[in-house]
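The structure displayed is predicted, hence computed values, not measured ones. Throughout, protein chains are lettered first and strands after them, A, B, ... in sequence-line order, and every chain is numbered starting at 1.
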Protein chains: 2
Amino acid sequence: MLYAVVMSSALPPLPKPQEPLESSHLLEIGPASDEPCLRADAARNRARLLEAAARLIAEHGVAGVTMEAVAAAANVGKGTVFRRFGDRTGLLTALLDHSAKQLQADFLSGPPPLGPGSPPLERLRAFGVAVLYRTAEQLDLQLAAQPEPTRRFAHPAAGSLRMHLTVLLRQIVPGADCDLLAHTLLASLDPALIHHLTRQRGMPMERLEAGWLDLVARVTRTDPPR
Amino acid sequence: MLYAVVMSSALPPLPKPQEPLESSHLLEIGPASDEPCLRADAARNRARLLEAAARLIAEHGVAGVTMEAVAAAANVGKGTVFRRFGDRTGLLTALLDHSAKQLQADFLSGPPPLGPGSPPLERLRAFGVAVLYRTAEQLDLQLAAQPEPTRRFAHPAAGSLRMHLTVLLRQIVPGADCDLLAHTLLASLDPALIHHLTRQRGMPMERLEAGWLDLVARVTRTDPPR
DNA sequence: AAGAAAACTGGACCGCGGTCCGTTTGGGGT
DNA sequence: ACCCCAAACGGACCGCGGTCCAGTTTTCTT
């Protein structure tokens with residue numbers, strides 16, 4: 001039930017496994033999107049698979065995480081991996097899930113300046129910085145988990161970030177098209193961009209951080225447009 | 001329409017085919033990077049391949065453009081396709097090449113407000129709008145041509161756009177980190193984002209256009225940061 | 001004009017992501 | 001305790017992107 005409530009894309013308990021969870025309108029993706037009741041063996045296999053995947057990453061890097069390899073390492077059939085996670089992206093995303101939930105919890109109910117209690121502008125600044133560093137920490141995985149362009153923004157976790165951003169923006173610049181602005185701001189924190197700037201162009205994280213703060217400052221100036 | 005057939009992005013006579021052309025430092029990617037000399041048969045096959053690819057797109061959409069299918073449709077071996085274009089992305093990019101050069105010519109030496117002659121801010125505004133509509137026109141192809149995340153920003157054409165943006169920005173907000181700012185602004189024009197906003201969230205192009213203008217206005221305000 | 005080096009060609013081959021479907025299994029109902 | 005079927009399983013199978021290399025064609029040299 002936890003999920004039934006939220007999902008819009010009515011999938012009956014059917015062969016098509018992944019619930020991509022269209023929902024860009026809900027705030028939490030928390031414990032909800034979990035499979036509510038998973039048969040004992042299924043749950044066991046799921047755990048095995050995640051563990052195997054993590055091990056493979058540790059040993060051979062993200063590139064070594066092949067669906068077949070994961071299946072083999074978990075002593076499970078290939079079909080099972082796909083049934084459970086939908087596709088490679090789904091598996092990789094699942095690996096990021098914990099950290100994603102953590103971040104979400106932090107800005108939804110954690111301590112200031114990220115969580116409620118600080119003024120919106122403060123939270124906005126902290127938000128970007130937090131995302132920035134989290135992304136940098138898991139760059140390889142984040143990059144590999146990025147779905148093909150068509151689905152990049154449908155991703156529920158991204159939706160949650162965007163929603164939070166939008167809410168903050170509305171408090172700061174109520175006159176603007178906050179929805180659009182949120183997209184833009186998030187785009188500037190895209191893992192691929194961060195990868196390019198830090199690894200391919202050698203910018204230090206401090207510069208990106210300063211860039212975010214500057215961007216936020218510019219975007220949120222409240223004096224009338226020229 | 002014989003799109004552009006013969007031109008551009010090809011590779012020096014090297015064993016490893018694709019020269020991704022690191023060059024973020026040069027302004028034009030124009031006739032320079034042209035194949036210096038392409039053997040007669042190679043040139044003929046290149047043209048055939050592009051034509052075949054275009055026909056396939058027209059008939060079956062971008063998804064129908066399979067490397068094997070293109071090769072077959074052009075009466076050419078599969079290996080030849082890869083030798084010429086490096087990979088699928090390369091082929092698709094080549095199809096976009098003509099339009100890319102056109103755009104570049106427009107803002108480098110075309111008439112105002114896009115080209116030189118207008119004040120920088122005017123040009124910046126026009127630039128975004130131009131990119132926006134060009135992208136929207138070729139959305140499917142643009143999306144399909146997008147390389148994997150790691151290489152997304154290494155793409156030379158994107159580099160040229162960014163460079164131009166940077167130059168404009170330096171004239172408008174000399175105090176800022178224009179390089180970074182250019183990346184951010186460009187990110188807000190990403191094909192995947194445009195796709196998401198217009199096709200998945202149903203925003204009209206006018207709203208995106210307004211969003212760009214507003215973003216530019218906000219970002220280029222020159223009064224001191226708070 | 002001839003011969004050799006360089007460039008190009010084509011298709012067999014590989015690995016991986018993803019699908020399909022016949023088989024097995026867990027666990028709720030009786 | 002047993003039955004039953006939805007759910008889960010596993011591995012054969014497919015298509016596509018990408019590589020490789022033996023053989024062919026073009027162009028350069030003298």
Side-chain angles (χ1 to χ4, degrees), chain A residues 11-20 35-49 52-53 56 60-94 144-148 150-151, chain B residues 10-20 35-49 52-53 56 60-93 144-148 150-151:
Chain A
L11 315 194
L14 271 186
K16 268 307 147 218
Q18 269 323 61
E19 37 258 26
E35 46 290 355
C37 47
L38 209 50
R39 236 169 64 172
D41 53 347
R44 178 181 47 92
N45 282 343
R46 180 174 205 276
R48 271 197 198 165
L49 284 168
L56 282 180
H60 308 103
V62 183
V65 180
T66 256
M67 294 306 257
E68 268 168 323
V70 174
N75 279 315
V76 141
K78 196 179 175 182
T80 304
V81 191
F82 283 95
R83 155 170 290 266
R84 191 58 49 212
F85 297 102
D87 58 12
R88 201 178 114 102
T89 294
L91 172 60
L92 264 13
T93 302
Q146 199 139 98
E148 27 135 25
T150 325
R151 293 177 9 190
Chain B
L11 16 158
L14 276 184
K16 266 306 146 207
Q18 272 322 62
E19 272 308 286
E35 55 291 354
C37 47
L38 206 50
R39 238 170 61 172
D41 53 346
R44 177 180 49 88
N45 282 344
R46 179 174 206 274
R48 271 198 199 165
L49 284 168
L56 283 180
H60 308 104
V62 183
V65 181
T66 254
M67 295 307 255
E68 267 168 324
V70 174
N75 278 313
V76 142
K78 196 180 176 184
T80 305
V81 192
F82 282 94
R83 156 167 289 265
R84 194 54 52 210
F85 299 102
D87 58 11
R88 200 179 114 103
T89 293
L91 172 59
L92 264 12
T93 302
Q146 200 139 98
E148 27 135 25
T150 324
R151 295 177 11 194

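Rounded to an integer number of Å, the gap from CD of A:Glu148 to C1' of C:dG17 is 12 Å. In this structure, CE of A:Met67 is placed 16 Å from P of D:dG11, rounded to the nearest angstrom. The CG atom of B:Asp41 sits 9 Å away from the P atom of C:dG10 (whole-angstrom rounding). Atom CZ of A:Arg88 is separated from atom P of C:dG15 by 17 Å (rounded to the nearest Å). Following rounding to the nearest Å, B:Asp87 (CG) and D:dT19 (C1') show an atom-to-atom distance of 13 Å. Note: CZ (A:Arg44) to C1' (D:dC9) measures 10 Å, nearest angstrom. We find that CG of A:Leu38 is positioned 8 Å from P of D:dC9, with the value rounded to whole Å. Taking atom NZ of residue A:Lys78 and atom C1' of nucleotide D:dC13, one finds them 9 Å apart after rounding to whole Å.
Considering only side-chain atoms of A:Phe82, the nucleotide from C:dG17, C:dA12, C:dG10 that sits closest is C:dG17. Nearest to the side chain of B:Arg84, among C:dC16, C:dC8, D:dC16, sits C:dC8. When distances are taken from the side chain of B:Asn45 to each of D:dC9, C:dT9, C:dG17, the shortest belongs to C:dT9.
Closest-nucleotide positions on DNA chain C for A:Ala40 and A:Val65 were compared, and the one nearer the 5' end corresponds to A:Val65. If A:Thr89 and B:Asn75 are placed on DNA chain C by their nearest nucleotide, the residue sitting closer to the 5' end is B:Asn75. Residues A:Glu68 and A:Val76 each lie close to DNA chain D; by heavy-atom proximity, the contact nearer the 5' end of the strand is made by A:Val76.
No donor-acceptor distance shorter than 3.5 angstrom exists from the side chain of B:Arg88 to the backbone of B:Ala144, with no hydrogens or angles considered.
Considering every non-hydrogen atom in both B:Val81 and B:Ala71, the closest pair reads CG2-CB, 3.6 Å. Nearest heavy-atom pair across B:Gly64 and B:Ala69 is O-CB, 4.1 Å.
With a 4.5 Å cut-off on side-chain heavy atoms, A:Val70 and A:Met67 do not count as touching.
Contact annotation: A:Thr66 does not reach the phosphate of C:dG15 (side-chain N/O to OP1 or OP2, under 4.0 Å). Within the 4.0 Å cut-off from OP1 or OP2 of C:dG26, not a single side-chain nitrogen or oxygen of A:Arg39 is found. Regarding contacts with the backbone of D:dG10, a side-chain N or O of A:Thr80 is found under 4.0 angstrom from either OP1 or OP2. Applying the 4.0 Å criterion to OP1 and OP2 of D:dC20, one finds that B:Arg83 has every side-chain N and O outside that range.
Considering CZ of A:Arg84 and CG of A:Leu38, their distance stands at 4.5 Å, rounded to 0.5 Å.
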